[in-house]
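Report on one structure; see the data block that follows.
Sequence lines set the chain letters: A, B, ... in the order given, protein chains first and strands last, and positions in each chain run from 1.
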There are 2 protein chains.
Amino acid sequence: MVRRLEKENRQKELSHLLADNPFTTDEQLAKKFGVSVQTIRLDRMEMGIPELRERTKQVARQVYDKVRSMLNHEFVGELLELKLEDYAVSVMEVGQEMVAEKSQVCNGDYIFSQANTLAIALINADVVLTGSARLRFRRPVYLKEKIVSRAVLARKKSNKYLIKVVSKVGAEEVFVGKFVVVAR
Amino acid sequence: MVRRLEKENRQKELSHLLADNPFTTDEQLAKKFGVSVQTIRLDRMEMGIPELRERTKQVARQVYDKVRSMLNHEFVGELLELKLEDYAVSVMEVGQEMVAEKSQVCNGDYIFSQANTLAIALINADVVLTGSARLRFRRPVYLKEKIVSRAVLARKKSNKYLIKVVSKVGAEEVFVGKFVVVAR
DNA sequence: TTCTTTTTAGTACCAGGTCTCAATACCTAG
DNA sequence: CTAGGTATTGAGACCTGGTACTAAAAAGAA
């Protein structure tokens with residue numbers, strides 16, 4: 001009875017530990033838990049957790065792609081339609097990394113970024129800057145929801161463009177923004 | 001003469017290849033270049049490029065940290081001062097990953113995120129959402145510039161807060177925003 | 001031809017594992 | 001008390017993708 005509990009707890013803790021620091025060898029883990037290396041290996045097997053190198057590779061790959069698309073972002077979301085100087089549509093699914101842990105509500109930054117990059121994508125110029133914007137977040141967006149953003153060019157005045165962006169989850173408006181962007 | 005050139009070219013190509021896809025074994029590389037594994041190893045040694053596992057680990061670690069601080073961001077920038085429901089100051093240096101390659105101009109998303117997260121940090125509640133905002137980007141911000149953002153609570157009306165954020169590079173205003181945030 | 005650079009081959013060794021077989025330890029039900 | 005199942009540990013062979021080192025062959029250049 002006691003040992004059963006010990007095992008369960010160890011395994012739970014183990015998976016948490018590895019979730020939040022995947023770069024630990026079985027040997028280090030064994031020391032940390034005061035058990036043998038074999039026990040750790042058995043635990044990993046039971047839970048289907050791969051070895052250190054595999055974990056490292058997975059993290060590296062995942063994030064390598066993500067960094068390319070998100071941090072180095074020219075664009076946030078996935079572009080669905082684009083007619084330059086007319087309208088554009090993109091979709092973005094709210095992922096775990098976008099929400100606050102407690103509330104599961106998507107951070108406004110992402111919603112803004114999706115809209116802002118979409119607005120900029122609409123303009124066909126090498127350098128496009130956001131000049132000003134008015135935003136309204138109409139309701140919180142939760143984990144796993146898909147935000148479809150539609151940007152429409154409303155007015156053009158020399159190198160200044162007024163773009164209206166509406167973001168929806170299903171039929172429901174979650175965000176509207178008016179962006180003035182400037183081409184250089 | 002010919003072989004010298006071959007070597008130089010191979011090494012150049014090698015480093016490019018690995019820069020843009022670090023997950024290749026020496027054996028795969030050897031096949032790709034039509035040389036022996038040893039030659040690839042020698043090339044790596046000469047150029048100080050570590051082995052596959054080390055490269056993978058580096059990518060994973062780098063990006064792991066970055067993801068934690070940026071993608072998983074509760075906060076963008078570095079918090080300098082905070083007096084809840086009064087004012088807050090943060091600073092952010094514009095990094096390579098924030099700028100458009102051509103123009104070296106910082107993407108507005110980051111400037112917004114710094115301001116938005118700062119505004120939210122000002123409010124002491126579990127769930128704080130951005131309700132609406134008016135933004136003005138006054139001038140482009142370039143690589144390596146340090147943006148100091150100052151958020152001040154202007155008005156409070158039950159659970160709604162009006163916050164004014166001013167971001168400066170040196171003495172120059174680069175962004176101003178008025179945020180209405182809602183606590184739940 | 002001799003010297004030098006480049007390339008290839010081969011061996012020993014390492015980390016961090018997998019996979020398999022066997023030996024204990026521990027608790028519990030009969 | 002004892003047989004039986006679960007949990008833990010140990011030991012050994014083998015794997016991948018290397019490092020470190022030695023040696024030999026190939027190809028120009030002097």
Side-chain angles (χ1 to χ4, degrees), chain A residues 1-69 96, chain B residues 1-69 72:
Chain A
M1 203 58 198
V2 182
R3 290 166 76 222
R4 200 175 237 157
L5 261 176
E6 264 176 43
K7 190 185 176 183
E8 268 181 49
N9 288 334
R10 192 186 53 235
Q11 293 199 348
K12 266 180 204 164
E13 216 178 315
L14 186 65
S15 69
H16 278 116
L17 250 169
L18 288 182
D20 122 350
N21 176 10
F23 313 111
T24 322
T25 62
D26 288 357
E27 214 175 321
Q28 295 171 325
L29 291 166
K31 271 188 192 165
K32 202 162 280 181
F33 285 103
V35 296
S36 73
V37 178
Q38 283 78 353
T39 304
I40 297 292
R41 307 240 225 254
L42 276 177
D43 285 346
R44 275 200 298 104
M45 298 296 152
E46 275 179 38
M47 295 189 289
I49 298 175
E51 58 167 303
L52 166 67
R53 290 154 185 150
E54 193 53 39
R55 294 194 303 268
T56 310
K57 206 197 294 178
Q58 283 175 12
V59 170
R61 277 189 188 284
Q62 262 179 41
V63 183
Y64 201 64
D65 295 349
K66 219 163 218 174
V67 158
R68 298 212 144 174
S69 61
Q96 193 66 56
Chain B
M1 201 61 200
V2 181
R3 290 167 76 221
R4 201 175 236 158
L5 260 175
E6 264 176 43
K7 191 185 175 184
E8 268 181 50
N9 287 336
R10 192 187 51 235
Q11 293 199 348
K12 266 181 205 163
E13 215 178 318
L14 186 65
S15 70
H16 278 114
L17 250 169
L18 288 181
D20 124 345
N21 176 11
F23 313 111
T24 321
T25 62
D26 287 358
E27 213 174 321
Q28 295 172 325
L29 291 167
K31 272 189 191 164
K32 201 163 280 181
F33 286 103
V35 296
S36 74
V37 178
Q38 281 79 354
T39 303
I40 297 293
R41 306 240 225 253
L42 275 178
D43 285 345
R44 274 201 299 104
M45 297 296 151
E46 276 179 37
M47 295 188 291
I49 299 175
E51 58 167 303
L52 167 67
R53 289 154 184 150
E54 194 52 40
R55 293 194 305 265
T56 310
K57 206 197 294 177
Q58 282 176 12
V59 170
R61 277 191 189 282
Q62 262 181 46
V63 184
Y64 201 63
D65 294 351
K66 218 164 220 172
V67 160
R68 296 214 140 176
S69 60
N72 237 350

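- Within 4.0 Å (heavy atoms only), Q38(A) reaches at least one base atom of the nucleic acid.
- A straight line from CD1 of I49(A) to C1' of dG17(C) spans 15 Å, rounded to a whole angstrom.
- The side chain of R10(B) contributes an N or O atom lying less than 4.0 Å from OP1 or OP2 of dT7(C).
- Within the 3.5 Å criterion, the main-chain N or O of I49(B) finds no donor-acceptor partner in the side chain of R55(B).
- Nucleotide dT7(C) holds its P atom 15 Å from the CG atom of L29(B), rounded to whole Å.
- Note that CD of E8(A) and CD of Q11(A) are 8.0 Å apart. Values are rounded to the nearest 0.5 Å.
- Contact check on K7(A) versus E46(A) returns a salt bridge, with a Lys/Arg side-chain nitrogen under 4.0 Å from an Asp/Glu carboxylate oxygen.
- Distances were taken from every side-chain heavy atom of R44(B) (C-beta onward) to each of dA15(C), dT19(D), dT9(D); the shortest belongs to dT19(D).
- The structure places NZ of K32(B) at 15.0 Å from CZ of R10(B), a figure rounded to the nearest 0.5 Å.
- In this structure, the side chain of E54(B) does not engage the main chain of E51(B) through any donor-acceptor pair within 3.5 Å.
- Counting to the nearest Å, the P atom of dT9(D) and the CD atom of E27(A) are 14 Å from each other.
- For L42(B), the side-chain atoms get nearest to dT7(C) when compared with the rest of dG17(C), dT8(D), dT7(C).
- You'll find that the side chain of R41(B) is closest to dG18(D), out of dG18(D), dT9(D), dT7(C).
- Comparing dG17(C), dT19(D), dT7(C) by their nearest atom to the side chain of L52(A) picks out dG17(C).
- N9(A) has its CG atom 15 Å from the C1' atom of dA7(D), to the nearest Å.
- Distance, D43(B) CG to dT8(C) P: 10 Å, rounded to whole Å.
- Candidate nucleotides dG17(C), dG17(D), dT19(D) were compared by shortest atom distance to the side chain of M45(B), and dT19(D) ranks first.
- Between the CD atom of E54(A) and the C1' atom of dC15(D) there is a distance of 14 Å, given to the nearest Å.
- E46(B) has its CD atom 11 Å from the C1' atom of dT7(C), to the nearest Å.
- Residue V37(A) is classed as having no contact, given no heavy-atom separation below 4.0 Å to the nucleic acid.
- M47(A) has its CE atom 13 Å from the P atom of dA7(D), to the nearest Å.
- Closest contact between the side chain of D26(B) and the listed nucleotides dT7(C), dG10(D), dT19(D) involves dT19(D).
- Residue-to-nucleotide contacts include no donor-acceptor pair under 3.5 Å from the side chain of R53(B) to the base of dA15(C).
- Here T39(A) does not reach the OP1 or OP2 of dT8(D): none of its side-chain N or O atoms lies under 4.0 Å away.
- Side-chain proximity of E51(A) to the nucleotides dG16(C), dA15(C), dT8(D) is greatest for dG16(C).
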